Number of protein chains: 2
Amino acid sequence: MTTMRDVAAAAGVSPMTVSNVLAGRTNVSEETRRRVLEVVERTGYRVNTAAQSLRRGRTGIVGLAVPEVHSHYFGLLAARLIARLAPEGLRVVVEQTGASREGELAAITASRVSAYDGLVLSAVGLDPDDVLAIAGDLPVVVLGERQDVRRFDHVEMANTDGAAAATRLLLERGCRRLVALGMPDLAALAPSDDDGPRPQGPGHLGDAFRLRALGVRTAVDAVPGARALAVSGVRSTLSGGAELAREALAREPGLDGLVCATDTLAIGALRALADAGRRVPDDVLVVGFDDVADAAYTVPSLSSVSPGHDWMVEETTRLLLRRMADPAAAPERSTSPFSVVERESTRRLLRTPDAT
Amino acid sequence: MTTMRDVAAAAGVSPMTVSNVLAGRTNVSEETRRRVLEVVERTGYRVNTAAQSLRRGRTGIVGLAVPEVHSHYFGLLAARLIARLAPEGLRVVVEQTGASREGELAAITASRVSAYDGLVLSAVGLDPDDVLAIAGDLPVVVLGERQDVRRFDHVEMANTDGAAAATRLLLERGCRRLVALGMPDLAALAPSDDDGPRPQGPGHLGDAFRLRALGVRTAVDAVPGARALAVSGVRSTLSGGAELAREALAREPGLDGLVCATDTLAIGALRALADAGRRVPDDVLVVGFDDVADAAYTVPSLSSVSPGHDWMVEETTRLLLRRMADPAAAPERSTSPFSVVERESTRRLLRTPDAT
DNA sequence: TTGAAAGCGGTACCAC
DNA sequence: GTGGTACCGCTTTCAA
């Protein structure tokens with residue numbers, strides 16, 4: 001192993017000067033710099049990042065804890081975040097939490113986390129208190145979920161509004177028998193006559209899907225004669241989507257519209273609908289959430305709520321860097337703008353909508 | 001910041017004893033252990049991994065350098081490798097190389113690499129010499145690509161044989177006008193009358209797709225009256241697949257079979273075929289490569305060459321751990337078993353095959 | 001069973 | 001411009 005000391009000796013300078021050269025500091029003569037770089041080149045010397053981290057107190061690594069690495073949405077998110085943080089000199093370690101409280105705890109826990117300069121947490125099962133207790137003073141940005149986490153920086157999706165907009169699209173196309181696929185039971189949510197779209201719930205982080213369900217309900221409640229059934233399931237997987245769609249068909253045979261909690265579920269559902277001989281969009285309209293890359297390439301292509309990926313990644317990065325720079329900064333939160341991207345899966349009028 | 005020293009002081013022992021307790025070493029009295037753990041608990045102390053890494057000489061981090069993080073195949077690979085290495089106490093940093101030599105060089109280069117205990121490299125543009133020069137003594141496992149890298153541990157896919165099997169499937173179904181989508185020009189490959197399936201080429205790592213093209217050619221050459229046109233493109237993306245499929249239709253209007261270099265390309269192609277009014281599998285049969293999760297959920301579902309994901313990840317892990325344990329071990333290589341998974345996209349006889 | 005000493009390989013600080 | 005000194009926080013070694 002070549003060390004900085006070795007390089008210094010070979011170049012006839014002190015380790016400190018080698019350090020200065022490699023860090024690009026300006027207080028080195030051109031001649032010395034050249035000589036040092038020549039030795040570095042020749043010996044293939046690399047700085048030891050462990051020593052560097054110890055001395056500097058920073059590792060240059062950011063953790064990204066997501067429920068499932070291998071899902072359309074989180075794959076997209078990870079790829080974008082990796083690309084975005086690279087020029088900031090930060091690398092990303094992806095931790096898989098398996099959508100469980102235990103997994104999330106394990107991901108944040110103890111030794112692991114101390115290796116990170118920051119953590120981006122897409123939590124599903126955790127309490128804010130869990131996070132607080134374990135993360136300690138680690139900069140944390142919470143992603144896309146819970147609405148009342150005021151102690152953390154927080155980048156939220158327009159879960160409720162996005163789902164409501166998607167649902168309205170189906171209703172405008174004439175759908176009246178909706179299923180909210182992969183969302184919690186709508187009836188179990190806060191009553192629709194309370195004064196806002198925020199359920200008061202037990203305060204855990206994992207209610208993106210609950211908020212989406214609320215959006216569906218809000219939109220459906222506004223249209224007399226329309227109804228929505230929730231067919232619930234936790235994991236957002238292709239097979240889960242297919243399975244839930246089969247269940248939906250069994251429980252709501254007159255089904256004419258499917259609002260899916262994620263695009264992954266929607267893609268699985270498209271497959272199950274094809275198996276069942278239901279044509280999309282001729283018999284059933286389908287809309288997803290996330291606007292993943294695949295949505296534009298399914299057959300039929302999938303309408304979806306686009307959460308503004310660029311914006312989310314940019315905002316996440318901004319908050320993370322800000323907190324890393326200033327741990328005492330007041331927590332900030334923001335909600336991504338969204339849009340409904342319409343594609344083939346909703347491009348059909350099932351019946352003329354009633355005058356409203 | 002709480003340090004081990006602080007904990008030791010609070011527990012009335014030496015730092016060394018704290019270290020022993022936390023490392024689970026047995027030479028500590030039960031009483032002492034309890035006292036130390038109590039303080040650890042109370043203070044929320046976490047060992048500093050940078051210091052640990054420096055002292056131990058290992059970081060517990062493995063790099064995974066792939067052309068594109070956000071692709072079906074590499075997403076799958078990353079997820080599996082992360083899951084597999086986690087119980088070994090290894091975390092994975094994903095580096096995106098952008099399928100370019102420069103990107104790959106950057107990924108391996110300099111400071112970055114010294115932070116890793118090992119590197120899994122899915123190289124596309126690199127020379128073995130590049131890798132050798134830069135990786136130095138870093139344990140490297142090369143994935144899925146080049147065939148003549150004898151200086152590295154190497155886990156190969158059955159590129160040629162897999163593609164040949166996929167192609168034969170189409171030929172048996174009666175296809176005679178094939179297009180090899182996303183593969184290099186078949187005519188530019190080694191002549192089919194040479195004695196083996198290995199092109200001698202300029203020796204860079206990135207020829208998984210070339211090997212697949214060779215498999216297509218071999219299979220097509222064995223069937224009189226069949227022909228295959230290569231429609232080339234580098235990136236394996238959905239949009240690329242759609243684009244190449246459009247080009248394929250333009251250049252080979254009588255197209256009746258599509259062998260795609262990857263499932264991602266195939267999924268994009270399915271979409272373009274639907275747009276062009278070509279029915280799959282009624283008019284055109286399509287087969288992909290990789291057997292990603294989505295292949296079973298497209299409409300029609302996609303036949304694909306399955307490279308044995310479990311096996312590949314297991315083998316990669318084995319080789320990596322082995323080399324980390326013994327840097328001097330002789331390089332080993334192995335080729336994944338494969339199977340052709342038939343789904344709807346090839347489930348149709350276009351014409352009765354000629355007696356063969 | 002416990003702990004003192006000696007670094008691991010860098011870099012901040014400050015004197016020269 | 002250059003470099004000595006200390007020390008980041010942990011663990012290996014070995015003596016007590």
Side-chain angles (χ1 to χ4, degrees), chain A residues 1-37 39-40 43-61 89 110-117 136-138, chain B residues 1-37 39-40 43-61 89 110-117 136-138:
Chain A
M1 203 52 236
T2 322
T3 75
M4 196 173 263
R5 229 200 246 351
D6 302 333
V7 174
V13 297
S14 78
M16 211 37 244
T17 298
V18 176
S19 177
N20 285 330
V21 168
L22 292 174
R25 290 183 202 102
T26 51
N27 53 345
V28 186
S29 76
E30 196 43 53
E31 158 62 10
T32 309
R33 149 177 267 95
R34 228 192 16 69
R35 202 144 35 90
V36 168
L37 288 178
V39 176
V40 167
T43 56
Y45 166 76
R46 308 286 138 79
V47 298
N48 178 318
T49 42
Q52 209 169 40
S53 297
L54 173 58
R55 183 64 240 213
R56 295 219 253 242
R58 309 188 309 102
T59 61
I61 296 184
S111 60
R112 315 192 73 94
V113 123
S114 82
Y116 301 147
D117 287 349
D137 53 356
L138 183 80
Chain B
M1 201 54 235
T2 322
T3 75
M4 197 174 264
R5 228 203 250 343
D6 302 333
V7 174
V13 296
S14 78
M16 212 35 246
T17 298
V18 177
S19 176
N20 285 331
V21 169
L22 292 175
R25 291 182 202 103
T26 50
N27 53 343
V28 186
S29 75
E30 196 43 53
E31 157 62 10
T32 309
R33 147 178 269 93
R34 226 191 19 68
R35 203 145 33 93
V36 168
L37 287 177
V39 176
V40 167
T43 57
Y45 166 75
R46 306 285 137 81
V47 298
N48 178 318
T49 43
Q52 210 169 37
S53 296
L54 174 57
R55 187 61 241 222
R56 295 220 255 241
R58 309 187 310 99
T59 60
I61 296 184
S111 62
R112 314 193 74 96
V113 127
S114 82
Y116 301 147
D117 288 348
D137 52 356
L138 184 80

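All values derive from a computational prediction rather than experimental measurement. Convention: sequence-line order gives letters A, B, ...; per-chain numbering from 1.
Closest non-hydrogen pair, A:Asp117 versus A:Gly60, comes out as OD2-N, 2.6 Å. When all heavy atoms of A:Leu54 and B:Ala51 are compared, the closest pair comes out as CD1-CB, 3.6 Å. Scanning both residues, A:Thr3 and A:Tyr45, for their nearest heavy atoms gives C-CE1, 3.5 Å. Counting all heavy atoms, side chain and backbone alike, B:Ala8 lies closest to B:Ser14 at CB-C, 3.5 Å.
Here B:Thr32 lies in heavy-atom contact (under 4.0 Å) with sugar-phosphate atoms only.
Looking at heavy atoms from C-beta onward, A:Thr43 lies out of side-chain contact with A:Asp6 at the 4.5 angstrom threshold. In this structure, B:Gln52 and B:Asn48 have side chains that are not in contact, with every pair of non-hydrogen atoms separated by 4.5 Å or more.
Bending across the helix from C:dT1-D:dA16 to C:dC16-D:dG1, expressed as the angle between its end axes from five pairs apiece, amounts to 30° (10° rounding).
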I'd like a list of close polar pairs between nucleotides 9-13 of chain D and the protein, N/O only, cut-off under 3.5 Å.
| from | atom 1 | to | atom 2 | distance (Å) |
| --- | --- | --- | --- | --- |
| D:dC10 | OP1 | B:Tyr45 | OH | 2.3 |
| D:dC10 | OP1 | B:Asn48 | N | 3.1 |
| D:dC10 | OP2 | B:Met4 | N | 2.6 |
| D:dT11 | OP1 | B:Gln52 | NE2 | 2.7 |
| D:dT11 | OP2 | B:Ser19 | OG | 2.9 |
| D:dT11 | O2 | B:Arg55 | NH1 | 2.9 |

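Partners of B:Glu30 under the salt bridge (charged side-chain N to carboxylate O under 4.0 Å, His left out) rule, at least two apart in sequence or in another chain, do not exist in this structure.
Between the CG atom of A:Asn27 and the P atom of C:dC14 there is a distance of 15 Å, rounded to whole Å. Rounded to a whole Å, the CZ atom of A:Arg58 is 10 Å from the P atom of C:dA12.
Side-chain nitrogen and oxygen atoms of B:Thr17 include at least one within less than 4.0 Å of the OP1 or OP2 phosphate oxygen of C:dG3. Between A:Ser53 and C:dG10 there is no side-chain polar atom (N or O) within less than 4.0 angstrom of OP1 or OP2.
For A:Arg25, the CZ atom sits in a packed shell: over 12 heavy atoms of surrounding residues, nucleotides or ligands are nearer than 6.0 Å.
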